[in-house]
Asks: 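The structure that follows is given in the form of structure tokens.
All ligand and atom numbering here is 1-based and tracks the order in the structure.
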Amino acid sequence: MTTIDLRSDTVTRPSDEMRDAARDAAVGDDVYADDPTVNELEAGAADLVGMEAALYVPSGTMGNQIAVRMHTDRGQELLCDEQAHVYKWELGGIPQLSGVQPRILDCGDRCVPTPEQVRDGYVEEDLHRPGTGLLCLENTHNSRGGVAVPTDHLDEAAAAAHDLGVPVHLDGARFCNACVALDTEPAEMTEHVDSVMFCLSKGLGAPVGSMLAGDADFIRRARRVRKLFGGAMRQAGMIAAPGLLALENVDRLAEDHANAARLAEGLNEIEGLSAPAPDTNIVMVDSEAAGMTGEELSAACKDAGVSFSAFGEYTCRLCTHLDVDGDDVAEALDRIASVVDEA
Ligand SMILES: *Cc1c(COP(=O)(O)O)cnc(C)c1O
């Protein structure tokens with residue numbers, strides 16, 4: 001029995017085409033900006049998100065942390081949702097790497113702050129207060145269940161920040177999922193943010209890498225911070241080549257979303273489980289009524305050949321991706337149903 005791995009959309013294996021592309025990639029030393037494949041990827045990524053320039057970074061975490069460092073001064077504050085990845089899942093990188101203090105907001109189902117929350121959370125620099133240096137938004141919102149946040153909500157929050165002279169970074173690890181789910185042009189989604197990070201290594205299926213995009217001057221300076229953080233790479237064309245192929249996987253994210261919708265429907269049919277209809281490829285399932293904690297459910301399902309993660313006391317997170325199809329979803333549902341049935 002092969003395990004169906006729904007832990008994350010990061011578990012995909014590179015396709016044969018990606019492996020061939022890695023082997024055959026034209027390379028140079030990217031620290032000298034000499035790697036033609038990386039340069040092509042950076043141009044393609046900038047183009048995709050409708051920004052002037054982009055920088056290839058090893059991970060989404062590094063992309064976000066470079067953005068934080070770029071936009072802020074040491075000692076300032078950063079505004080974000082209390083469930084934001086940049087705050088919750090990046091080892092306290094905001095204070096550790098930039099000397100910045102997060103001020104967290106409960107953004108609830110909206111996932112991004114209202115203009116009022118931005119204004120309330122803002123602190124003006126004076127003799128006693130450090131000033132707010134950055135607003136971070138997230139789309140899709142990972143911890144809140146892969147929620148695709150409509151562009152106008154991003155725009156309203158960004159406008160409130162800009163009115164206060166505060167720049168805006170978008171953590172778009174799954175930015176393309178949001179655009180596909182909302183049928184929104186990427187350039188429209190980024191129109192009012194100052195920088196955006198998106199991952200090639202998640203739904204898009206690349207083995208490695210993320211992109212940080214912004215205006216040309218921002219990216220020129222961000223290159224220095226990438227070096228500082230240890231992310232400047234040499235013949236990176238070897239990993240950028242599969243990244244270029246990943247850019248072609250945007251439209252097919254709709255299949256992952258359809259599989260996630262089917263998965264949630266099936267979970268709801270299992271007595272004791274409930275899962276809200278997902279916006280994108282992340283399904284959150286509640287197992288309280290089945291009398292199982294998230295840890296218990298995920299452990300039992302793992303033994304039965306379906307892997308996913310506990311995400312809260314009675315919550316688990318399941319992700320669809322390039323390496324699972326409709327049959328895998330049906331099989332996963334059968335296996336989960338037997339586990340809950342026997343519990
Ligand atoms: C995965 C993720 C990141 C970090 O990306 P890594 O490549 O795992 O470092 C950042 N933000 C969000 C919302 C994510 O889901």
Asks: Does F198 belong to the same Ile/Leu/Val/Met/Phe/Trp/Tyr cluster as L244, with side-chain heavy atoms less than 4.5 Å apart forming each link?
Replies: yes
Asks: Quick one: look at H141 and ligand 1, take heavy-atom pairs under 4.0 Å, and tell me if it's side chain, backbone, both or neither.
Replies: neither
Asks: What atoms of ligand 1 come within less than 4.0 Å of a heavy atom belonging to S59?
Replies: 7 (O), 9 (O)
Asks: What residue and heavy atom of the protein are closest to atom 14 (C) of ligand 1, and at what distance?
Replies: K202 NZ, 2.8 Å
Asks: If you round to the nearest 0.5 Å, how far is CZ of R174 from SG of C319?
Replies: 5.0 Å
Asks: Is there a heavy atom of M62 sitting under 4.0 angstrom from any atom of ligand 1?
Replies: no
Asks: Which option out of A173, G60, C136, G172 puts a heavy atom nearest to atom 6 (P) of ligand 1?
Replies: G60
Asks: Taking only heavy atoms of E90 into account, list the atoms of ligand 1 that are under 4.0 Å away from them.
Replies: 10 (C)
Asks: Hey, could you give me the CD1/CG distance between I270 and L333, rounded to the nearest 0.5 Å?
Replies: 5.5 Å
Asks: What protein heavy atom is closest to atom 13 (C) of ligand 1, reported as residue, atom name and distance in Å?
Replies: E138 OE2, 3.2 Å
Asks: Establish whether L204 and V324 are linked, either directly or via other cluster members, by ILVMFWY side-chain heavy-atom contacts under 4.5 Å.
Replies: no
Asks: Between N64 and ligand 1, which residue portion shows a heavy-atom distance shorter than 4.0 Å: side chain, backbone, both, or neither?
Replies: side chain
Asks: Please step through side-chain contact (heavy atoms from CB on, under 4.5 Å) for the pair V68 and L97, ending with a clear verdict.
Replies: CA-CA 9 Å; V68 171; L97 300 173; over 6 Å; no
Asks: Hey, does N142 come in under 3.5 Å of ligand 1, counting only N/O atoms on both sides?
Replies: yes
Asks: Quick test: of every protein heavy atom, which one is nearest to atom 9 (O) of ligand 1, and how far off is it to 0.1 Å?
Replies: T61 OG1, 2.6 Å
Asks: Between R223 and E42, is a salt bridge (charged side-chain N to carboxylate O under 4.0 Å, His left out) present by the stated rule, with each step listed?
Replies: CA-CA 12 Å; R223 213 168 275 281; E42 292 181 342; 3.2 Å; yes
Asks: For atom 10 (C) of ligand 1, what's the nearest protein heavy atom and its distance?
Replies: H85 ND1, 3.2 Å
Asks: Tell me which one of T320, N281, D279, N177 satisfies side-chain hydrogen bond (donor to acceptor under 3.5 Å, both in side chains) with H257.
Replies: N177
Asks: Return the residue, atom name and 0.1 Å-rounded distance of the protein heavy atom closest to atom 11 (N) of ligand 1.
Replies: D171 OD2, 2.6 Å
Asks: Could you grab the distance from atom CG of N64 to atom CG of D171, nearest 0.5 Å is fine?
Replies: 4.0 Å
Asks: Can you name the atoms of ligand 1, numbered from 1 with element, that are less than 4.0 Å from a heavy atom of C199?
Replies: 5 (O)
Asks: Which value, rounded to the nearest 0.5 Å, describes the distance between M70 atom CE and L55 atom CG?
Replies: 9.5 Å
Asks: Give a yes/no verdict on whether any heavy atom in R174 is under 4.0 Å from an atom of ligand 1.
Replies: yes
